[in-house]
Protein chains: 2
Amino acid sequence: MSQDGAGIDLGTSLGYLLKETSSALRTAMEEVLRPLEMSVTHYSCLELLAQRPGLSNSELARGAFVTRQTMNVLLQALERDGDVTRPARAPVGKVLPTRLTPRGRRRLEKASAAVRSVEVRMLAGLTEAERSDATRILRNMIHSLRGDGA
Amino acid sequence: MSQDGAGIDLGTSLGYLLKETSSALRTAMEEVLRPLEMSVTHYSCLELLAQRPGLSNSELARGAFVTRQTMNVLLQALERDGDVTRPARAPVGKVLPTRLTPRGRRRLEKASAAVRSVEVRMLAGLTEAERSDATRILRNMIHSLRGDGA
DNA sequence: TGACTCATGTCAGGATTCTGACATAGATTC
DNA sequence: GAATCTATGTCAGAATCCTGACATGAGTCA
């Protein structure tokens, strides 16, 4: 049952637990976004644009953890629906700065409230100290995984 | 930049940080599994079978956080490659208990070592106390997200 | 100036995963 | 015992995402 030298005990593995938590969070987000006819990637893109207007396709892709090809088709759909706008020609280089339309901003407000309620629920059982612990620990993990200087 | 009442600050959101960590972990796992010609879902399935032999298709799907249809096509591929075996007829009900073959066990050993090295790297900067904190906090989040009694 | 490198936007094709649907076996209820 | 409910395995089609590839624009360097 426990580690026998050649396996990972999924019951105690932090990696597995991380995936489990992430999966539960994604499922919860999908549930509250479905009534708004919006996917998680959809929402991530709009939220990124609200905080940093003018982000390019590639930058949005990195922020939403997908490839720029995937983000591109998503942006085309959002553009067609009138949630975002992109200039026809790049003002400088090839980068097309994307911006939310008023319609996109309205849709985002509802989605953002829904997602915030999920995050509140997720953190309900944690103290303020535990939340800051979690932030510090997760940032440490990311740092180590990306292999900075190690 | 900070919370203006209608958005989630992605720079401080634990939900976003969770997704970022999970994404970094997945990328790191894909990197070390690629030389072994094995995907993450692939590996998850074999690891589950090593710890709990005789698991059914549906149980494996839940353990790997995919649908049973997805797990089914994966099992068919693993069966074709000779990594797992399933009886032609169900001994009881419709449940087909799956087991690792010696070949599957050998492939898993290499993959497991590779994944373990990733997990070690991920936790390298954390104290023992921080690791147990992380475990407790993540379990708490899962519990809250699944909405038990709340 | 010209060659080189890098990042970007975009198109095409393929792989992966999901949703929908169906038949079947066991458990539950009456 | 019959009806109902739930869970399982499986097939088919669709949606999503990725890999590969190409042309273009900006920065670097000789």
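The model shown is predicted, which means the values in this text are computed figures rather than measured ones. Lettering of chains follows the sequences in order, A, B, ..., and the numbering in each one begins at 1.
Nucleic acid contact class of B/Thr41 (heavy atoms, under 4.0 Å, all strands): sugar-phosphate only.
Non-hydrogen atoms lying under 4.0 Å from DNA chain C are contributed by A/Gln76, A/Arg86, all within residues 75-86 of chain A. Heavy-atom distances under 4.0 Å link DNA chain C to no residue of residues 18-28 of chain B. Within residues 55-67 of chain A, the residues approached by DNA chain D to less than 4.0 Å at the level of any non-hydrogen atom are A/Val66, A/Thr67, in residue-number order.
A donor-acceptor contact under 3.5 angstrom links the side chains of A/Glu119 and B/Ser13, judged on distance only. Under 3.5 Å, the side chains of A/Thr135 and A/Ser132 contain no donor-acceptor pair of N or O atoms. Side-chain polar atoms of B/Ser56 and B/Glu59 form a donor-acceptor pair below 3.5 angstrom. Side chain to side chain, B/Ser112 and B/Glu109 fail the donor-acceptor criterion of an N or O pair below 3.5 Å.
Looking only at side-chain heavy atoms (C-beta outward), A/Val84 and A/Thr98 come within less than 4.5 Å of each other. The side-chain heavy atoms of B/Glu31 and B/Val118, taken from C-beta on, include no pair separated by under 4.5 Å. A heavy-atom distance below 4.5 Å is found between the side chains of B/Met141 and A/Leu126. A/Leu138 is listed as a side-chain neighbour of B/Leu14, based on a closest heavy-atom distance under 4.5 Å. By the 4.5 Å heavy-atom criterion applied to side chains, A/Met122 and B/Leu18 are counted as neighbours.
Taking both residues in full, the closest heavy atoms of B/Ala28 and B/Arg121 are given as CB-NH2, 3.8 Å, listed atom of the first, atom of the second, then distance.
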Point to revise | CA sep, side-chain torsions, deciding dist, call: B/Glu20, A/Arg146, salt bridge (Lys or Arg N to Asp or Glu O under 4.0 Å) | key: CA-CA 11 Å; B/Glu20 193 172 356; A/Arg146 302 229 169 112; 3.6 Å; yes
Check your understanding: Can you check side chain to side chain contact (heavy atoms under 4.5 Å, CB included) on B/Ile8 and B/Tyr16, steps first, answer last?
Key -> CA-CA 9 Å; B/Ile8 287 183; B/Tyr16 189 77; over 6 Å; no
Practice item. Run the numbers on B/Thr85 and B/Glu79 for side chain to side chain contact (heavy atoms under 4.5 Å, CB included), then give the verdict. Key: CA-CA 6 Å; B/Thr85 52; B/Glu79 215 172 357; 5.8 Å; no
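Under the 4.0 Å criterion applied to side-chain N and carboxylate O atoms, B/Arg52 and B/Glu47 are not assigned as salt-bridge partners. A/Glu37 has no carboxylate O lying under 4.0 Å from a charged side-chain N of A/Arg107, or vice versa, which leaves the two without a salt bridge. Note on A/Glu130 versus B/Arg136: salt bridge recorded, some NZ/NE/NH1/NH2 to OD/OE distance being below 4.0 Å.
One cannot find a donor-acceptor pair under 3.5 Å joining the base of D/dG13 and the side-chain atoms of B/Gln69.
Side-chain N or O atoms of A/Ser23 include none that pairs as donor or acceptor with a backbone N or O of A/Lys19 at under 3.5 Å. Side chain of B/Asp83 to main chain of B/Leu78: no donor-acceptor pair is present (N/O by atom type, distance under 3.5 Å, no hydrogens or angles).
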Between protein and nucleotides 24-26 of chain D, what N or O pairs are separated by less than 3.5 Å?
unit_1, atom_1, unit_2, atom_2, d
D/dA26, OP1, A/Gly93, N, 3.3

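Distance, A/Glu37 CD to D/dA15 P: 14 Å, rounded to whole Å.
Contact footprint of chain A on DNA chain C: nucleotides with an atom under 4.0 Å from a non-hydrogen protein atom, first to last in 5' to 3' order, C/dT8 to C/dC11.
One end of the helix from C/dT1-D/dA30 to C/dC30-D/dG1 points its axis 40° away from the other end's axis, with each axis taken from 5 pairs and the angle rounded to 10°.
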